[in-house]
Amino acid sequence: MLDLGIEKMALIGVVALIVIGPEKLPRVARTVGTLLGKAQRYVNDVKQEVNRSMELDELRKMKSTVEDAARDVEQSIHSEANAIEKSFKEIDDSSASSSEVAQVFPEYKHPRKNWRLKQGATPQWYKSRNGVRTKALSGAARVARFRPHKIN
């Protein structure tokens, strides 16, 4: 910024002391300090804004290069797809002209399943022997089942 040495600053301080007076010097120094702080903050804000604009320009350039690359890839995919479709059409045309083949689709058959009827693989005698529940218990039956027995 400014090239001020110690001698020059001392000279400025002495002149300010004489011109302003010792009683107003602290207030003036405070005002000068706040103004210098505001100036530094303004300079920092300007630097940050310049850096942001430079980064935005770089991002825009990167975005344009990526978009161009994506367009190139899309065009190459479309051209390859068109070439494959043409080759399939040629194959279909040659096979259709040699022998007319009708496409036959199999007839739909209902699977004859009833989702309500669940058929388990475990036999009933095994379930009854091992105590596997086959029916749902009501709330009252569940309470009665787990109620402690009375000892007389």
(message) Do Ile12 and Ile20 sit in one hydrophobic cluster, given that two such residues count as connected whenever their side-chain heavy atoms are within less than 4.5 Å of each other, even indirectly?
(response) no
[atom2] on [Y] to [atom1] on [X], rounded to 0.5 Å:
X: Leu36; Y: Arg41; atom1: CG; atom2: CZ; value: 10.5 Å
X: Glu85; Y: His78; atom1: CD; atom2: NE2; value: 10.5 Å
X: Asp57; Y: Glu55; atom1: CG; atom2: CD; value: 10.5 Å
X: Ser79; Y: Glu74; atom1: OG; atom2: CD; value: 11.0 Å
X: Lys109; Y: Glu107; atom1: NZ; atom2: CD; value: 9.0 Å
X: Asn82; Y: Ile77; atom1: CG; atom2: CD1; value: 12.0 Å

(request) Grab the two heavy atoms, one from Thr31 and one from Thr34, that are nearest each other, plus how far apart they are. (result) O-OG1, 2.7 Å
(request) Locate the shortest heavy-atom distance separating Arg142 from Leu137; write the atom from each residue and the value. (result) NH2-O, 3.0 Å
(request) Quick one: do Lys47 and Val43 satisfy side chain to side chain contact (heavy atoms under 4.5 Å, CB included)? Show the steps, please. (result) CA-CA 6 Å; Lys47 285 182 183 178; Val43 168; 3.9 Å; yes
(request) Check whether any side-chain heavy atom of Asp72 sits under 4.5 Å from a side-chain heavy atom of Gln75, and report yes or no. (result) yes
(message) Under a 4.0 Å threshold between the charged nitrogen and the carboxylate oxygen, would Arg52 count as salt-bridged to Glu49?
(response) yes
(request) Taking atom CD1 of Ile6 as the centre, report whether more than 12 heavy atoms of other residues, nucleotides or ligands fall under 6.0 Å from it. (result) no
